[in-house]
Amino acid sequence: MTALQNKIINQRETTFKAPTGSGKTYMMADLMNRFLANPDVVFIVSTLSKAGLGKQNYDKFIEYQYSFPNIRPYLINSDFAEDEKVYIPDTYNVYVLPRDLYKDKARIKTSGALSNLLITLRWNGKLVYLIKDECHIATSNLDELNDQFTKIINFSATPKFKPDVEITNEEAVNAKLIKRLAEESKDGDIFTVDPDASVEEAIEKFQQVKTEYINKLKVNPCLIIQISNKDKAEEEWARIKKIVTDPAKNLKWMYIVDDNNGKGCDTNDSVKKLPVNRWKDYVKNNESLIDIIVFKMVITEGWDIPRACMLYQVRDSKSKQMDEQVVGRVRRNPILVDWEKFDEEAHELALTCWVWGLVDGNMRKFKKVNRIDERNIEVKTTKLGTLSKNSSFNVKKYIESKVVNTNTTSVFELYRKWDKISPETNSLCWNEIKTYDDWLKISNFVSEIDIENNSFMADYERSMELDDVATFPKTSYFEITGNTTEISDWAWKLNDESDEDYDFDSEAEKEFAKILKKLGTSYWGKNYYPNSTIKFEYVLHTKHSSYPDFILKDKNGDTHIIEVKSVNSGFGYSIDETEYKDKIDALRKMFLHASRITNQYFYLPIKSNADWVIYKSFNGIEEVLNKDTFITFIRSCCE
């Protein structure tokens, strides 16, 4: 959010892209809460009118008020009697506007209620920011008011123009926000599972997964089936209905038609007694017993159902290509809020979805790996404490020792200061902010506090401490890069046990893997980044985490931790030599201290042309090895 906040401050219109299901509404609330520390800022949040998305966003903002107390939301609606004056109060700071309420003949527009609100806000010195949720949908009527807005912020998973700030699918998966797609390749296109599978096969897979979902996640899953909007829709539904109504399958199903009166909708559940407009709310709950949801519509924006883990697209559908909005319906993490309460197997299940249909061909390809259960390595990890560990430092006392001149710095200049500080300093300072006056005083010196905090964290003698004992997760995955070598005896097995081709992030990493597999180590493996908790914190301007590439255990039970680097330019990219040297120096310094407090071996092999320089740290002492002396030392530990 800091990167997005910085962009908004420095330009009038900003576009933010994040995958469907990654929590854009929560991010939106976080963003608004930051700006609303300034009491002169007001937000208009424009949403889609369909599927009750405006009400849905409003309810979320109310729910998030505990975390984001600056937000005071108001839902603009058209619930006025025919002869009643249309009025929008000007005492709130977040106004949720369903877009259809500002169509040409809509009362919110014809009455001038929204225009009057904007005029009043600006007359009172307010800065009015417009957020366009799902900005890929045109808003021609609302665009007439663009000159009334100080800033315009576009949110979408599929914006029509290049985003200024983006959270990628991979980043969202790694952050546990969304599920990854179970993938396989066929004829150059990317499909999930078998693209030619029948509805019966998809339902059979669902029934297998359902038992796991209930036992491991305490969630009732569901399969969504997308059929055509027109033409063959009725024929497709008739065929599917015969399957889902088979008594032997014991399925609860729901068929939803996207029209106002719900004519044609059907279900074999007791929810049939309720109005159709309440069916979607019912089916979203993790406790809902509906197994199969069939849509005679394009299931895109405005409908969140985290328990959905499968999507089947009928092969006769006109749209063979499923866009991100459609696939996003089954990508939400169903246990995100209670993540820590579940084990590794539950995490793996919660972060996997199955899609039968052609998916965006630009998606990256991955292979899943499974840990060999009877062997594992325990690794002592480290973390860095912040300035709050220093009992002699107090933010408010620090501010009191300074002279605060609140008249010389604008609010926007103060916001820019916050954008440049580390997340740790941000948290440290916000813990001391209770009022706007606190924010104003601390903002003047937040840059100086950041310097103090980063200086403390970089002093590993004071800041570094043991964190946890971590191991390889039971499952993980890697990207198919082409940097491949065969490995038959290490910590991992591929799903296809006859497959021994493992891909690595770089040519240097692949080469070092070949060195390790020849050494006869007792046990070793790649530290795959997804799901990994094997990491070490260090400071390079601000705090970062190092995820070493390889971990091995020798015959004495000692742990060896290896992070491979290369100063050679790779395909399609070049290296900033100064920046890279700074990173290597920072890692060397961190490894030196980590080796002392963990009693583990740390190595930083650096490939330069055809040669290796390997920095080895143990017990707080660093040595420099070459490839041959490294091999000799490891063999002495392992033979």
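What you see is a predicted model, and the numbers here were worked out from it, not measured in a lab. Below, all heavy atoms of this structure are taken into account, side chains as well, without hydrogens, waters or symmetry copies.
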Minimum heavy-atom distance between Asp438 and Lys396, given as atom pair plus value: OD2-NZ, 3.8 Å

By side-chain contact (heavy atoms from CB on, under 4.5 Å) - contacts of Ser447 (at least two apart): Lys417

All side-chain contact (heavy atoms from CB on, under 4.5 Å) counterparts of Asp147, not counting sequence neighbours: none

Min side-chain heavy-atom separation Gln148-Leu118 under 4.5 Å: yes

Heavy-atom closest contact (Tyr547 atom, Ser532 atom, distance): CE2-O, 3.7 Å

Closest non-hydrogen atom pair, Cys353 against Arg331: SG-CG, 4.3 Å

Residue Tyr398 excluded, over 12 heavy atoms near OH under 6.0 Å: yes

Close side-chain approach of Leu145 and Ser115, heavy atoms under 4.5 Å: yes

Audit row: Val128, Arg122, side chain to side chain contact (heavy atoms under 4.5 Å, CB included) steps and yes/no: CA-CA 7 Å; Val128 185; Arg122 296 189 66 181; 4.2 Å; yes

Full working for side chain to side chain contact (heavy atoms under 4.5 Å, CB included) between Lys151 and Phe35: CA-CA 12 Å; Lys151 303 281 185 179; Phe35 279 104; over 6 Å; no

Donor-acceptor under 3.5 Å (Tyr95 side chain, Pro89 main chain): yes

Partners meeting salt bridge (Lys or Arg N to Asp or Glu O under 4.0 Å) with Lys216 (sequence neighbours left out): Glu212, Glu345

Any donor-acceptor pair under 3.5 Å from Asp164 side chain to Thr15 backbone: yes

Partners passing side chain to side chain donor-acceptor pair (under 3.5 Å) against Glu465 (at least two apart in sequence or in another chain): Lys389

Results of side-chain contact (heavy atoms from CB on, under 4.5 Å) for Lys583 - residues two or more places apart only: Tyr538, Leu540, Lys565, Leu587

Nearest-0.5 Å distance that lies between atom CG in Asn146 and atom CD in Glu13: 7.0 Å

Exam field: side chain Thr382 to backbone Met464, donor-acceptor pair closer than 3.5 Å: no

CG-CZ distance between Leu387 and Phe393, expressed to the nearest 0.5 angstrom: 4.5 Å

Under 3.5 Å: donor-acceptor pair, side chain of Trp279, backbone of Leu274: yes

Listed partners of Asn33 passing side chain to side chain donor-acceptor pair (under 3.5 Å), at least two apart: Asn70

Flag side-chain contact, heavy atom, 4.5 Å: Ile399 against Ile449: yes

Non-hydrogen side-chain atoms of Tyr213 and Cys309 separated by less than 4.5 Å: yes

Residues Lys383, Glu537: salt bridge by 4.0 Å N-O rule: no

Within-4.5 Å side-chain heavy-atom neighbours: Tyr92 and Leu75: no

Side chain Asn154, main chain Lys132, donor-acceptor under 3.5 Å: no

For Glu452, all residues meeting salt bridge (Lys or Arg N to Asp or Glu O under 4.0 Å), sequence neighbours excluded: none

Distance-only side-chain donor-acceptor flag, Asn220 / Glu287, under 3.5 Å: no

Pairing of Lys24 and Asp133 as salt bridge, 4.0 angstrom limit: no

Flag for Thr47-Asn57: side-chain donor and acceptor within less than 3.5 Å: no

Minimum side-chain heavy-atom gap Leu36-Val94 below 4.5 Å: yes

Distance, nearest 0.5 Å, that separates NE2 of His544 from CG of Leu384: 11.0 Å

Side chain to side chain contact (heavy atoms under 4.5 Å, CB included) between Cys222 and Ile305, worked out: CA-CA 9 Å; Cys222 72; Ile305 179 166; 3.7 Å; yes

Donor-acceptor contact below 3.5 Å, side chain Ser463 vs main chain Met457: yes

Atom pair CZ (Phe456) and CG (Asn454), whose distance is rounded to the nearest 0.5 Å: 12.0 Å

Ring center gap for Tyr64 and Tyr26 short of 6.0 angstrom: yes

Side chain to side chain, Val446 and Cys429, heavy atoms closer than 4.5 Å: yes

Thr25: side chain to side chain donor-acceptor pair (under 3.5 Å) partners, not counting sequence neighbours: none

Under the side-chain contact (heavy atoms from CB on, under 4.5 Å) test, residues paired with Ala113 that sit two or more places apart: Val86, Ile88, Ser111

Which atom of Ile335 lies closest to which atom of Asn333, heavy atoms considered: N-OD1, 2.9 Å

Asp450 side chain to Thr425 backbone, donor-acceptor under 3.5 Å: no

Any residue meeting salt bridge (Lys or Arg N to Asp or Glu O under 4.0 Å) with Lys7, in chain and number order, not counting sequence neighbours: none

Donor-acceptor under 3.5 Å (Asp338 side chain, Lys341 main chain): no

Nearest-0.5 Å distance, CZ of residue Phe342 to CD of residue Glu348: 15.0 Å

Whether Lys126 side chain and Asp40 backbone form a donor-acceptor pair below 3.5 Å: no

Audit row: Phe61, Met28, side chain to side chain contact (heavy atoms under 4.5 Å, CB included) steps and yes/no: CA-CA 9 Å; Phe61 294 153; Met28 193 184 298; 3.8 Å; yes

Nearest non-hydrogen partners of Leu130 and Ser46, listed with the distance: CD1-CB, 4.1 Å

Centroid-centroid under 6.0 Å between Phe149 and Tyr129 rings: no

Partners passing salt bridge (Lys or Arg N to Asp or Glu O under 4.0 Å) against Arg462 (at least two apart in sequence or in another chain): Asp459

Flag, side chain of Ser455 to backbone of Ile451, donor-acceptor distance under 3.5 Å: no

Pairs flagged by salt bridge (Lys or Arg N to Asp or Glu O under 4.0 Å) wherever residues 57-67 is involved - sequence neighbours left out: Lys55-Asp59, Lys60-Glu63

Interatomic distance, Glu448 atom CD to Ile442 atom CD1 [nearest 0.5 angstrom]: 12.5 Å

Smallest separation among heavy atoms of Arg307 and Lys284, with atom names: CD-O, 4.0 Å

Contact check, side chains of Phe43 and Asn93, non-hydrogen atoms, under 4.5 Å: no

